[in-house]
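Following: one structure in structure tokens, then a few remarks.
Convention: sequence-line order gives letters A, B, ...; per-chain numbering from 1. Because only heavy atoms are used, hydrogens play no part in the values below, and waters and symmetry mates are left out as well, while side chains stay in.
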Number of protein chains: 2
Amino acid sequence: MLTIGKLGAQAGVKVPTIRYYEQIGLLPEAGRSAGNQRLYGRKALERLAFIRHARDLGFTLEAIRDLLSLSDNPEQPCVAADAIARAQLAEVERRLARLTALKAELERMVVQCAGGKIADCRVIEVLGDHSLCSTDHRHLESEASP
Amino acid sequence: MLTIGKLGAQAGVKVPTIRYYEQIGLLPEAGRSAGNQRLYGRKALERLAFIRHARDLGFTLEAIRDLLSLSDNPEQPCVAADAIARAQLAEVERRLARLTALKAELERMVVQCAGGKIADCRVIEVLGDHSLCSTDHRHLESEASP
DNA sequence: CTAATGTCTCTAGCAACTATAGCTTCAAGG
DNA sequence: CCTTGAAGCTATAGTTGCTAGAGACATTAG
């Protein structure tokens, strides 16, 4: 049996985070010792590892909740889990595209800063003036005006 | 003179967000009309565009606060602004690396889910079992254990 | 002049934790 | 056996960057 501290160390999750996961129902309420301390077994460790891993992959806690409920009834078809993974993949690809454009722009900014005064600093200038942006990068304007 | 709505439309920032920026001191308190409504001029528009642009590039509001205070004294050397931009670039590169690994794993998950039952679905398994991860993708274990 | 839209303040909420305070329990050393 | 320090407990509040709602006042189009 593991105390919450050992569990957290093994799963790579901080102690308050484990209690938080229990509080929001991602982890079942743990059994307690005589002195009211939480005790965990192998199943809890696996479940927490699952959550940890999914978080690392960028799944929201809501998506993880869905995945867990799927894995709790393993006779259902795989379609739902597949859909969740596909949605996440699409989201990841969107973020990748954004970050790539963003990186290009930041590199441009950094390269152009020749160490002069702020007055001629391209970092400030580029941030202040949209027209200095690279060609067709439109900075989420579509996203931000709904 | 622009009302807050026009300002927001021109800068691509929602009205409550502008009030929020004023509240946390990123924008100075705006002048008011006879009827107590905020009124903005060209300078406010520029400052807001700067903030908007920097947010799009992923700068935190704290970093933006620093950049703004820099640009308010334009006789200083550029080094600080350069450092902020470089830090931002490094952070973006970290996120890119993570997302790229993540995408590979999600693709693997989606491919392996061939439409069977959950019981044989790798999507769940991959997330639950670290050892099934692709080669050397270590899922931030280093980052998460401080 | 009225109706619709816009703006005002204030409060509360979102995700996903993190931190603090003030206690109790546990494991190990002397 | 006792003490001390780490680890645990609960409960509450804070974080970042907004977003949403309520209820009242201002402005503008027809």
Side-chain angles (χ1 to χ4, degrees), chain A residues 1-27 29-40 44 48 50-68 88 91 95 98 139-140 143-146, chain B residues 1-27 29-40 44 48 50-68 88 91 95 98 139-140 143-146:
Chain A
M1 282 297 188
L2 299 165
T3 62
I4 196 170
K6 314 282 184 193
L7 179 72
Q10 292 210 19
V13 176
K14 288 176 190 154
V15 168
T17 306
I18 298 173
R19 289 196 278 248
Y20 169 71
Y21 287 163
E22 178 181 311
Q23 190 196 315
I24 65 171
L26 268 192
L27 292 175
E29 291 197 15
R32 299 300 179 109
S33 74
N36 197 35
Q37 301 195 347
R38 289 172 181 82
L39 289 179
Y40 298 92
L48 184 55
F50 180 101
I51 296 171
R52 162 89 204 291
H53 205 155
R55 286 294 297 136
D56 285 351
L57 287 169
F59 289 89
T60 65
L61 291 183
E62 263 329 286
I64 292 170
R65 202 187 289 277
D66 291 350
L67 286 168
L68 280 171
Q88 282 296 318
E91 175 59 31
R95 291 201 296 219
R98 255 199 78 194
H139 299 301
L140 309 181
E143 279 181 45
S145 41
Chain B
M1 285 296 189
L2 300 164
T3 62
I4 198 171
K6 313 280 185 196
L7 178 71
Q10 290 211 20
V13 175
K14 287 176 191 157
V15 167
T17 305
I18 298 173
R19 290 197 278 248
Y20 168 72
Y21 286 162
E22 178 182 310
Q23 188 195 315
I24 65 171
L26 270 191
L27 292 175
E29 292 197 16
R32 301 297 180 114
S33 72
N36 197 36
Q37 301 194 345
R38 290 175 181 80
L39 288 179
Y40 299 90
L48 185 55
F50 181 102
I51 297 171
R52 162 90 207 290
H53 205 157
R55 285 295 297 138
D56 285 351
L57 287 171
F59 289 87
T60 64
L61 291 184
E62 262 329 288
I64 292 169
R65 201 186 291 277
D66 291 349
L67 286 169
L68 281 170
Q88 186 57 30
E91 175 59 32
R95 293 205 296 236
R98 257 197 76 193
H139 299 301
L140 309 183
E143 277 182 48
S145 43

Would you say a side-chain N or O of [X] is under 4.0 Å from OP1 or OP2 of [N]?
| X | N | value |
| --- | --- | --- |
| Thr60(B) | dT16(D) | no |
| Arg52(B) | dG17(D) | no |
| Thr17(A) | dA16(C) | no |
| Lys14(B) | dC18(D) | no |
| Ser33(A) | dC26(C) | yes |

Would you mind reading off the distance between [X] atom [atom1] and [N] atom [atom2], rounded to a whole angstrom?
| X | N | atom1 | atom2 | value |
| --- | --- | --- | --- | --- |
| Ile51(B) | dC18(D) | CD1 | P | 10 Å |
| Leu7(B) | dG6(C) | CG | C1' | 14 Å |
| Glu22(B) | dC10(C) | CD | P | 12 Å |
| Leu61(B) | dT19(D) | CG | P | 11 Å |
| Gln23(A) | dA16(C) | CD | C1' | 11 Å |
| Leu26(A) | dC17(C) | CG | C1' | 12 Å |
| Met1(B) | dT27(D) | CE | C1' | 17 Å |
| Tyr21(A) | dA16(C) | OH | P | 9 Å |

Please report the closest heavy-atom contact between [X] and [Y], naming both atoms and the distance.
| X | Y | result |
| --- | --- | --- |
| Ala11(A) | Leu48(A) | CB-CD2, 3.6 Å |
| Gly5(A) | Val15(A) | CA-CG2, 3.9 Å |
| Ala44(A) | Leu7(A) | C-CD1, 4.4 Å |

Is there any protein nitrogen or oxygen under 3.5 Å from a nitrogen or oxygen in nucleotides 3-8 of chain D, and what are the pairs?
unit_1: dG8(D); atom_1: OP1; unit_2: Thr3(A); atom_2: OG1; d: 3.1
unit_1: dG8(D); atom_1: OP1; unit_2: Gly5(A); atom_2: N; d: 2.7

>> Under the criterion side chain to side chain contact (heavy atoms under 4.5 Å, CB included), I'd like the reasoning laid out for Val13(A) against Ile51(A): C-alpha separation, chi angles, the key distance, then a yes or no.
In response: CA-CA 10 Å; Val13(A) 176; Ile51(A) 296 171; over 6 Å; no
> Is a side-chain N or O of Arg19(B) found less than 3.5 angstrom from the main chain of Gln23(B), in a donor-acceptor match?
Replying inline: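 It does not hold such a pair.
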>> Taking Gly58(B)'s backbone N and O only, do any of them form a donor-acceptor pair with Gln88(B)'s side chain (distance below 3.5 Å, no angle check)?
In response: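 The answer is yes, because a donor-acceptor pair under 3.5 Å joins these two groups.
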> With a 4.0 Å cut-off, would you call Glu22(B) and Arg38(B) a salt bridge?
Replying inline: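 Yes, Glu22(B) and Arg38(B) are salt-bridged.
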>> How bent is the helix from dC1(C)-dG30(D) to dG30(C)-dC1(D), measuring the angle between the end axes built from five pairs each, rounded to 10°?
In response: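 Between the axes fitted at each end of the helix from dC1(C)-dG30(D) to dG30(C)-dC1(D) lies an angle of 0°.
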> Hey, which of these two, Gly35(B) or Glu62(B), hits DNA chain D nearer its 5' end, going by closest nucleotide?
Replying inline: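 Counting from the 5' end, the first nearest nucleotide belongs to Glu62(B).
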> Mapping Arg55(B) and Ala34(B) onto DNA chain D by nearest heavy atom, which one lands closer to the 5' end?
Replying inline: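 This one resolves to Arg55(B).
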> How long is the span from the CD atom in Glu62(B) to the CG atom in Asp66(B), to the nearest 0.5 Å?
Replying inline: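 Taking CD in Glu62(B) and CG in Asp66(B), the distance rounds to 6.5 Å.
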>> Measuring from atom CG of Leu68(A) to atom CG of Leu61(A), what distance do you get when rounded to the nearest 0.5 angstrom?
In response: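 So the gap between those two atoms works out to 10.0 Å.
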>> Going by side chain to side chain contact (heavy atoms under 4.5 Å, CB included), Ile64(A) matches just one of Arg52(A), Arg55(A), His53(A). Which one?
In response: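 Of the listed residues Arg52(A), Arg55(A), His53(A), the side chain to side chain contact (heavy atoms under 4.5 Å, CB included) partner of Ile64(A) is Arg55(A).
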